[in-house]
Protein chains: 2
Amino acid sequence: MKNVTIQDIARVAGVSKSTVSRVLNGTVAVNPEKKKSVLDATKRLGFKPSLIARSLASGRSMTIGVLTQMIGSPFYDAISQGVIAGLGDTGYSPLFADGRWQVQKEADALTALVGRRVDGVVLVGGSMTSEQISEVCMGLPTLTVARRFYDQPIHSIAIDNELGGYQATDCLLRLGHQRIAMIRGIEQHEDARDRFAGYQRAMGEAGVAVDPSLVVDGDFSAESGIRAVGELLSRGCEFSAIFAANDLTAFGARLALDRNGLRVPDDVSLVGFDDQMESAFFVPPLTTIRQPAREMGKQASVAMMNLINGSGFESCLLTSELVVRESTRSVKD
Amino acid sequence: MKNVTIQDIARVAGVSKSTVSRVLNGTVAVNPEKKKSVLDATKRLGFKPSLIARSLASGRSMTIGVLTQMIGSPFYDAISQGVIAGLGDTGYSPLFADGRWQVQKEADALTALVGRRVDGVVLVGGSMTSEQISEVCMGLPTLTVARRFYDQPIHSIAIDNELGGYQATDCLLRLGHQRIAMIRGIEQHEDARDRFAGYQRAMGEAGVAVDPSLVVDGDFSAESGIRAVGELLSRGCEFSAIFAANDLTAFGARLALDRNGLRVPDDVSLVGFDDQMESAFFVPPLTTIRQPAREMGKQASVAMMNLINGSGFESCLLTSELVVRESTRSVKD
DNA sequence: CCATATCATGAAACCGGTTTCAGTGCTGAG
DNA sequence: CTCAGCACTGAAACCGGTTTCATGATATGG
């Protein structure tokens, strides 16, 4: 019932455990004959080296800690998927922990990862400050995905949210819309702010003044989309298009519009942000901004490998892409 | 730059490392004075015990391996969330790995978990055979969630999919529908089969013959929902309701119906399965079968704790719940 | 043919904790 | 007053690997 150890293999194969270790890791050449008997023994006894012991001895755990906030979110999952793919055959494997968007849990989870002596940390989103992060990670290679620290030395892989916001708004402007409402995301959220900035820039460049009564706060949830449309309607202001800070918000907005007898896209055009899986099958299929989430995850892995073997870090800012579907149409008059 | 070890603490506090260990774990009483100086030292030096070393020495890693298939799926995420919640303050923490629905990756990931010497394994879904699982896990407490092995000794926490299928169909029958189409899930999938069985039973009990031309194969994807509706329409058979094997399939079906000028629920009633987050905000909000996913995860944690401390396992089959929204209405005539 | 570099290999140290074991100093019972 | 019993504590063994070091054997070169 006991686990078979390297010592057992050594005994059975008639060699020392050093030799077994050398065979298994291929660090230096060993006599082919002994090598064979070692391999035989491992197979016969079903030997599975203890990664725990190995980590302790070698000082490297060959694991990258990945701290997510809500694995269930399609966007964040795509990133994780990218990280997994990017790690590929590097020999490193990911170790996931989840903060569930609660700072305390996030900090605990990060501490746990560090306690596990991961060789690097990838933070996907999150709300810890860079100081908190640095304190816990102390010298460990660390980088963030989908989150930027403008003033801090923590590396990050992110997309240009400002550009995304610009693309979404620009698309509506080109269709002739002028009264474009925006449902913003969580206010403290860097991404949300950038998307709004893009909206403002596009409007400005098109010479359309931003009407503050067309800007409503939201929190990235579907409920907030419903509330936002209610708010817009109760304000009594006219609008022919809505740019929602993410797809989920757009879903909620769409439902609220429907409840109020407004058709999409006939009465109101709607643009989201994220391009989550369901968006393409929405009724009508949602026009949105696609984030190269998977790609970001992959880049993160690559960057992490570079950090670990000291090749330094090449900053990169990926770009979003407009996906036009059927929730937008040119303004009627 | 080096990590501070228990030895450093011992030196600074002027005690032996045994004592430090005892203070930190509270295993036996130590002199309050020494205790204080140890705690002081740990705080001052920022000592973070190496979980690696601790695991190796104590033989318990205090981790439960959780093997998922697709973290991004809302249903599976809810389960993971439940597991996290259920582990709560037990002292154990979860360690996630992901198989991405590829048997090989699944096996590798499981091996990696076992190599990390987790104290137990929770398999969420998956496609490895029970033999494969047993071989890798050898004696480790193991249980599956959302997957049942009818003939095997592996414990499982699952919902009664047959009942869910029955509930969905029964709801439509009560509304007066008789021509109820079903879009099935992946054929080899236990869950999919059970849901279909529930459909058959409900129809049978209501004295309505199952028309084979109303049953279409699918694969749980939105695309398959679109294809299925196309298939139904091209077969030229009439139907007033559709029961889709999961919500995503229902989304696709809804879009295809819309494209063909069929309104939901006016022309066709639609029922899904899962109650994923977006379903409540769909247009129209989707009637569906809710799986107590979070609850299942929680149960899994509890059951795992029992397995670990030898309290044995109490089998449990959770039940699903019908959530009536606006995609269903009584048949018109 | 001898000195030296190279190779293969086992012994032992080490990674950073936990746990057993063997005291030491006190207290309380006899 | 003596001895068993208990509460603390440090030394040392241990967990299961990796890696350094020393050694004997073999190959290389002058």
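Lettering follows sequence order; numbering is per chain, from 1.
At whole-Å resolution of the value, CG in B:L51 and C1' in C:dC15 are 15 Å apart. For the pair A:N25 CG and D:dG17 P, the interatomic distance rounds to 11 Å; values are reported in whole Å. Rounded to whole Å, the distance from CZ on B:R117 to C1' on D:dG16 is 9 Å. In this structure, A:L56 places its CG atom 4 Å from C1' of C:dC15, rounding to the nearest Å. The separation between B:L24 atom CG and C:dT19 atom P is 13 Å, rounded to whole Å. For B:I52 and D:dC14, the CD1 to C1' distance is 18 Å, given to the nearest whole Å. Taking atom CD1 of B:I6 as the reference point, atom P of D:dA11 lies 14 Å away to the nearest angstrom. Taking atom CZ of residue A:R11 and atom C1' of nucleotide D:dG16, one finds them 14 Å apart after rounding to whole Å.
In the model, B:Q69 has no side-chain atom that pairs as donor or acceptor with a side-chain atom of B:D98 under 3.5 Å.
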Just list the side-chain donor-acceptor pairs under 3.5 Å for residues 25-35 of chain B, sequence neighbours left out, or say none.
unit_1, atom_1, unit_2, atom_2, d
B:N25, ND2, B:S21, O, 2.9
B:N25, ND2, B:S21, OG, 3.3
B:N31, OD1, B:E33, N, 2.7

Going by atom type alone, with no hydrogens or angles, which donor-acceptor pairs under 3.5 Å involve a side-chain atom of residues 46-54 of chain A and a protein atom two or more places apart or on another chain?
unit_1, atom_1, unit_2, atom_2, d
A:S50, OG, A:I52, N, 3.3
A:S50, OG, A:A53, N, 3.1

Going by atom type alone, with no hydrogens or angles, which donor-acceptor pairs under 3.5 Å involve a side-chain atom of residues 135-146 of chain B and a protein atom two or more places apart or on another chain?
unit_1, atom_1, unit_2, atom_2, d
B:T142, OG1, B:L140, O, 2.8
B:T144, OG1, B:R147, O, 2.7

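Here the side chains of B:T90 and B:M62 are not in contact, with every heavy-atom distance at 4.5 Å or above. With contacts defined as side-chain heavy-atom distances shorter than 4.5 Å, the pair B:V83/B:M296 does not qualify. With a 4.5 Å cut-off on side-chain heavy atoms, B:V118 and B:V66 do not count as touching.
A donor-acceptor contact under 3.5 Å is not formed by the side chain of A:K17 with the base of D:dG16.
Under the side-chain hydrogen bond (donor to acceptor under 3.5 Å, both in side chains) rule, A:D40 has a single partner from A:K36, A:K43, A:R44, which is A:K36.
Along DNA chain C, the nucleotide closest to A:G14 and the one closest to B:S18 are compared, and the more 5′ of them pairs with A:G14.
Ring geometry for B:H189 against B:F220 counts as perpendicular: the plane angle is over 60°, on a 0 to 90° scale with 30° as the lower cut.
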Are any protein N/O atoms closer than 3.5 Å to N/O atoms in nucleotides 5-9 of chain D? If there are, list each pair with its distance.
unit_1, atom_1, unit_2, atom_2, d
D:dT9, OP2, B:N31, N, 2.7

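For the OP1/OP2 pair of D:dT18 and a distance below 4.0 Å, the side-chain nitrogens and oxygens of A:S21 include at least one atom meeting the criterion.
A:Q276 places no side-chain N or O within 3.5 Å of a backbone atom of A:F75 that could act as its donor or acceptor partner.
Within residues 36-50 of chain B, no residue is approached by DNA chain D to less than 4.0 Å at the level of any non-hydrogen atom. Residues from residues 57-65 of chain A with heavy atoms under 4.0 angstrom of DNA chain C, sorted by number: A:A57.
Between B:D8 and B:R11 there is a salt bridge, since at least one side-chain N of the basic residue sits less than 4.0 Å from a carboxylate O of the acidic one.
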